[in-house]
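For ligands, and for the atoms within them, numbers begin at 1 and follow the listed sequence. Owing to the predicted nature of the structure, the values given are computational and were not obtained by experimental measurement. Computed from heavy atoms alone, side chains included, the values below leave out hydrogens, waters and symmetry copies.
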Amino acid sequence: MNLLKRATFIFSERPLSLALGSFPTKQSSLTKNSPPATSSSRPRRSKKRFANMSLEKLMEKFLEQSMEAEDNFYRLEEQRLQSEDKRREEEHSRELQMLQMLGQIFAGIRAPSPAQQATAQPSCIPQTNPAVPLTRPPFGNRNHALTEFASHSQPAGPGLLMEEVIERSFSLGTAAVDNVIPLVRNTIPPLTSKKHKGQDGRIGIIGGCQEYTGAPFFAAISALKVGADLSHVFCTKDAAPVIKSYSPELIVHPVLDSPNAVEEIEKWLPRLHSLVVGPGLGREDMLLKNAKEIIERSKLRGIPIIIDADGLWLVAKEPSVIQGYQRGILTPNFMEFTRLYEAMHHEPLDSTDHKRSAQQLSIAMGHLTLVLKGEEDIITDGKNMLTCSQEGSGRRCGGQGDLLSGSLGVFAHWAFSSPPDAVKGMNPSLVAAFGATYLTRQCNRQAFHKHSRSTSTSDMIQEISSAFKKLFES
Ligand SMILES: NC(=O)C1=CN([C@@H]2O[C@H](COP(=O)(O)OP(=O)(O)OC[C@H]3O[C@@H](n4cnc5c(N)ncnc54)[C@H](OP(=O)(O)O)[C@@H]3O)[C@@H](O)[C@H]2O)[C@@H](O)CC1
Ligand SMILES: Nc1ncnc2c1ncn2[C@@H]1O[C@H](COP(=O)(O)OP(=O)(O)OP(=O)(O)O)[C@@H](O)[C@H]1O
């Protein structure tokens, strides 16, 4: 009987066009109440077949068919998505062709004279030939963290060489994906039995206060799900028990508002591979001051630092805290971006050209990598630009940015600890940022397919495993 109820439930919940044409609609009452069939009133073959089945068998059959129908539904859905992907890829390659034509036109324009160079404004017109090798020297070997940092930490000069402006641009068309994804894949450490706990990443999140406990949790658990071995949250005393209660998998330190917060956290820095500063940090002066000091001390150790949410509030107030640090990555949403831009440029943001503004801000910040999140994610270090427009969904629940920054903490560690040839000379921050945005959007897409309007960040986190496999391991 339970089985019957379940079958009825399945059919009423999912009005699918099932292959049940030969299935008598009131089969259960028929088998119970009908007299045995005589030769004169013999039902048709299929009916007899079902009539002779026990109720349980019948229901099993019923369930089998419903599952088949469900499989068919998902198969069709998958086909639909594939053809949508194909259409988008074709669109992208048309765009790419147009850009290549533009590139040729611009190649014909002479480079400016030195006098012009001194005042040249950065151009956002991308060169779209991904086959052109990068001219930037590779960097990123962890063992040389401090010397590399020193040599890359100068803010941009007053003028920009035309060639320096944008060496390459990728968009997420087929060709571009083919170029960037292998670089992300190259940085992903293989899962082998030769490693010990911690080697694939020990990530620290600075954030979590009385108001916001969800954000640091989302960031920390995302880091773990992407592949970090250990995920630490450094938060205020009252936020800690709450965050601990969400998950036993996180290591939670209730120190961020203690009188010796900086020293307490600094003890952990030698063991951390990357730091995410800001999710749920809040904007209290004392917390921002502590966060600032922790950033300063992490920089001295060459630790990759991702700054998000309230961490960006701090940067807007005191840009020098991260300016020029080549292992720093900023992940603003549009609001945070506007705040930062206006703080740096002392003029209102011209919001008609996001790419150009992102590039200008990155340059003003000393070629820091910037991820401007939005309908299309724009990733730039002022010289190179990647865009990620992987289809997500129209669902904009809070916390998606935390998933992104937590994942980026891991990708950044992997990218910076990979040998330079893994990223083929590209800035490891760009490769990491691309990996994290691509993954976040795919999680959003997958979660939305299952939960539509009800999609929440927790649903997206549940998709990390399969999204990661699909994008980087298949
Ligand atoms: N569960 C939790 O614990 C979560 C906690 N979180 C934590 O909250 C803290 C504050 O972060 P925040 O983003 O709300 O602050 P802030 O930058 O001042 O934005 C405020 C206003 O800006 C606007 N706005 C936002 N985006 C925009 C856009 N793309 N384009 C245009 N406008 C945009 C929008 O204004 P409105 O439209 O409402 O007028 C919005 O209300 C931070 O610690 C963060 O980590 C979150 O992570 C979520 C999950
Ligand atoms: N209009 C959009 N269309 C598709 N994806 C978007 C859109 N806006 C943002 N995203 C994606 O959502 C993710 C988070 O960006 P969002 O702008 O929501 O960050 P946030 O406001 O900092 O998040 P949080 O709520 O965690 O503070 C990014 O991966 C971004 O690509």
K.L.:
Should Gly401 be listed as contacting ligand 1, given a heavy-atom distance under 4.0 Å as the test?
P.N.:
no

K.L.:
I'd like the name of whichever of Thr440, Leu403, Asp377, Thr437 reaches closest to atom 31 (O) of ligand 2 through any heavy atom.
P.N.:
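Considering heavy atoms of Thr440, Leu403, Asp377, Thr437, the nearest to atom 31 (O) of ligand 2 sits in Asp377.
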
K.L.:
Counting only heavy atoms, tell me which of Leu281, Thr213, Asn333 gets closest to atom 26 (N) of ligand 1.
P.N.:
Asn333

K.L.:
May I ask which of Met460, Gln442, Arg396, Met335 has a heavy atom nearer to atom 5 (N) of ligand 2 than the others do?
P.N.:
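Comparing heavy atoms across Met460, Gln442, Arg396, Met335, the nearest one to atom 5 (N) of ligand 2 lies in Arg396.
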
K.L.:
Looking only at protein heavy atoms, which one is nearest to atom 27 (C) of ligand 1, and how far off is it?
P.N.:
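Looking only at protein heavy atoms, the one closest to atom 27 (C) of ligand 1 is Met335 CB, 4.0 Å.
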
K.L.:
Distance below 4.0 Å between atom 27 (O) of ligand 2 and any protein heavy atom?
P.N.:
no

K.L.:
Just need the protein heavy atom nearest to atom 48 (C) of ligand 1, so name the residue and atom and give the distance.
P.N.:
Gly399 N, 3.6 Å

K.L.:
Is Arg339 close enough to touch ligand 1? Criterion: a residue heavy atom under 4.0 Å from a ligand atom.
P.N.:
yes

K.L.:
Within a distance under 4.0 Å of any heavy atom of Pro279, pick out the atoms of ligand 1 and give their elements.
P.N.:
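By the 4.0 Å cutoff, the relevant atoms are 45 (O).
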
K.L.:
Is the shortest distance from a heavy atom of Gly399 to ligand 2 less than 4.0 Å?
P.N.:
yes

K.L.:
Enumerate the atoms of ligand 1 whose separation from the nearest heavy atom of Ala309 is less than 4.0 angstrom.
P.N.:
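Numbered from 1, ligand 1 contributes 42 (C), 44 (C), 45 (O).
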
K.L.:
As an exercise, identify every atom of ligand 2 less than 4.0 angstrom from a heavy atom of Gly398.
P.N.:
25 (O)

K.L.:
Only heavy atoms count here, so choose which of Ala215, Ser456, Gly207 is nearest to atom 6 (N) of ligand 1.
P.N.:
Ala215

K.L.:
For ligand 1, is there an atom lying under 4.0 Å from some heavy atom of Arg283?
P.N.:
yes

K.L.:
When only distance counts, is Lys373 in polar contact with ligand 2, meaning an N/O pair under 3.5 Å?
P.N.:
yes

K.L.:
For ligand 2, indicate whether the residue Glu375 contacts it via side chain, backbone, both or neither (heavy-atom separation under 4.0 Å).
P.N.:
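For Glu375, backbone and side-chain atoms both sit under 4.0 Å from ligand 2.
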
K.L.:
Judged by non-hydrogen atoms, does Gly374 sit under 4.0 Å from ligand 2?
P.N.:
yes

K.L.:
Going by heavy atoms, is Asp402 under 4.0 Å from ligand 2?
P.N.:
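Under 4.0 Å: yes for Asp402.
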
